[in-house]
Amino acid sequence: MSMGVFDLMAEHGHEQVAFCWQPDVGLKAIIAFHDTTMGPGLGGTRMRAYGSEEEALRDALRLSRGMTYKSAAADLDFGGAKCVIIGDPAKDKSPELFRALGRFVGGFGGRFYTGTDVGTYPEDFAQAARESGYFVGLPVEYGGSGDSSVPTAHGVHEGMKAAAQHLWGQPSLAGRTVAVQGVGKVGAKLARLLAADGTKLVLADLESGRARQLAAETGGTAVSAAEILEVECDIFSPCALGGVLNDETIPRLSCRAVVGSANNQLAEDRHGRMLMERGILYAPDYIVNAGGLIQVADELHPRGPNPERVIQRTRAIGETLTAIFRLAEALGIPTSEAADRIVAERLEKTFRLKRVRLGRGG
Ligand code: NAD
């Protein structure tokens, strides 16, 4: 490894990294804690055939940091953590592997809660949950809260209304044109919400049949995955993959705002400024796509889950965004920077609040 583990942790102030190994079931997992000021670590478990241990570690560090921001921005009482399993989800999964993970996670005694991410499914965690009680997003029959893409799509929809209010003085999306890149679990649900608003839809997916079918259902238009970036529209909505806003794509955009569910949309932080300079209002991804996290976090509410609270908190995404848009405008900074500042302030306030001890265990 070119840099030591502690050097990598020091780059963004990570608290802890745990390496979990059980060779007989082929489990090699890394659990990274970034910042637990807000509460216990909460973040998904990703399974991927990483090219090297360093790549896996870097991913765990990067993703756990992202969770700190997402939770704090949504004002959830959880900190940033993430688990990665080194292995091919198509070949290396077994019930025993997830049960072994369940025991390692249980060993943290409530410092870490986890659920699905790329490469893992609710059923995998039904196995893990046999060993300890720190899993969220389980299948509904095991007490989970169900498909997280539903609140995620609602949150993006709220984000679009907040962007419309900011740009055009009213939240209505009727008659506006929205171009959706990727109509999978989130994108398709979002498109249906927008169709009900009377929005004109332009849809694209690498699986072109999916976009064509949804366009027929919603009265929209389907274009190819190559064309979607250049569609003239009011809002471009990336709901497929990360890194989509970069040096090559930003000059090609023909929209007034970017509001979508994809994680890590900015290829680099500086692309937030590039969007601002092009006059495009960017709704920071970790604010807009927090609906799914809000739902799984709610499963852990001390007084039990409550779907109504999930809806309310998801609606509040619009208010958070409005505050970010205003702050960015007032300071002349990119919205991505304004969002980071709001998170930093919230962490600072919570840190100060927690100086007062609760007594044993608090
Ligand atoms: P998904 O896999 O169901 O859908 C993604 C869709 O994008 C697929 O239909 C895929 O064919 C399409 N796609 C991939 N590359 C494309 C391209 N270049 N052009 C056009 N289409 C392309 O995933 P999802 O659950 O809908 O999530 C979408 C995005 O939102 C992901 O980035 C995910 O990380 C993020 N996200 C999802 C949730 C959630 O609750 N599901 C929560 C937060 C963030």
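Just so you know, ligand 1 is whichever comes first in the structure, and atom 1 is the first atom listed for that ligand. Keep in mind that this is a model prediction, so the values were computed, not measured.
Counting atoms of ligand 1 from 1 in the listed order, those under 4.0 Å from a heavy atom of R210 are 8 (C), 9 (O), 11 (O). Ligand-side atoms of ligand 1 in range of S261: 28 (C), 29 (C), 30 (O), 35 (C), 36 (N), 44 (C), range being under 4.0 angstrom from any heavy atom. Interface atoms of ligand 1 facing G184, defined by a heavy-atom separation under 4.0 Å, are 3 (O), 4 (O), 6 (C), 9 (O), 26 (O). Short contacts between ligand 1 and E207, defined as distances under 4.0 Å to a heavy atom of the residue, involve ligand atoms 11 (O). Ligand-side atoms of ligand 1 in range of S149: 40 (O), 41 (N), range being under 4.0 angstrom from any heavy atom. Distances below 4.0 Å separate heavy atoms of L241 from the following atoms of ligand 1: 15 (N), 16 (C), 17 (C), 18 (N).
Among protein heavy atoms, the minimum distance from atom 10 (C) of ligand 1 is reached at D205 OD1, 3.4 Å. For atom 33 (C) of ligand 1, the nearest protein heavy atom (residue, atom name, distance) is N263 ND2, 4.1 Å. K185 NZ, 3.9 Å is the protein heavy atom nearest to atom 23 (O) of ligand 1. Nearest to atom 43 (C) of ligand 1 among the protein's heavy atoms is N289 O, 3.5 Å. The nearest protein atom to atom 19 (N) of ligand 1, hydrogens excluded, is given as A225 CB, 3.7 Å; this is a heavy-atom distance. Taking atom 27 (O) of ligand 1 as the reference point, the nearest protein heavy-atom neighbour is V186 CG2, 4.0 Å.
Using a 4.0 Å cut-off between a side-chain N of Lys or Arg and a carboxylate O of Asp or Glu, E348 and R352 qualify as a salt bridge.
No side-chain donor-acceptor contact under 3.5 Å links Q295 and S148. Looking only at atom types and distance, the side chain of E227 has a donor-acceptor partner in the side chain of S224 under 3.5 Å away. Checked by atom type, the side-chain pair H157/D197 shows a donor-acceptor distance below 3.5 Å.
Counting heavy-atom neighbours within 6.0 Å of W21 CH2, excluding the residue itself, gives a total of 12 or less.
With a 4.5 Å cut-off on side-chain heavy atoms, I30 and C83 do not count as touching. At least one side-chain heavy atom of P40 sits under 4.5 Å from a side-chain heavy atom of Y113.
Only the backbone of C239 comes within contact range of ligand 1, with a heavy atom under 4.0 Å; no side-chain atom does. The part of T152 lying near ligand 1 is the side chain, judged by heavy-atom distances below 4.0 Å.
The option from A204, A240, G292 that lies nearest to atom 13 (N) of ligand 1, judged by heavy atoms, is A240. Of the listed options V183, L206, D147, V150, L206 places a heavy atom closest to atom 16 (C) of ligand 1.
A distance of 11.0 Å separates CG of N306 from CZ of R313, quoted to the nearest 0.5 Å. A distance of 8.5 Å separates CG of D124 from OH of Y121, quoted to the nearest 0.5 Å.
The ring of Y134 has its center no closer than 6.0 angstrom to the ring center of F112.
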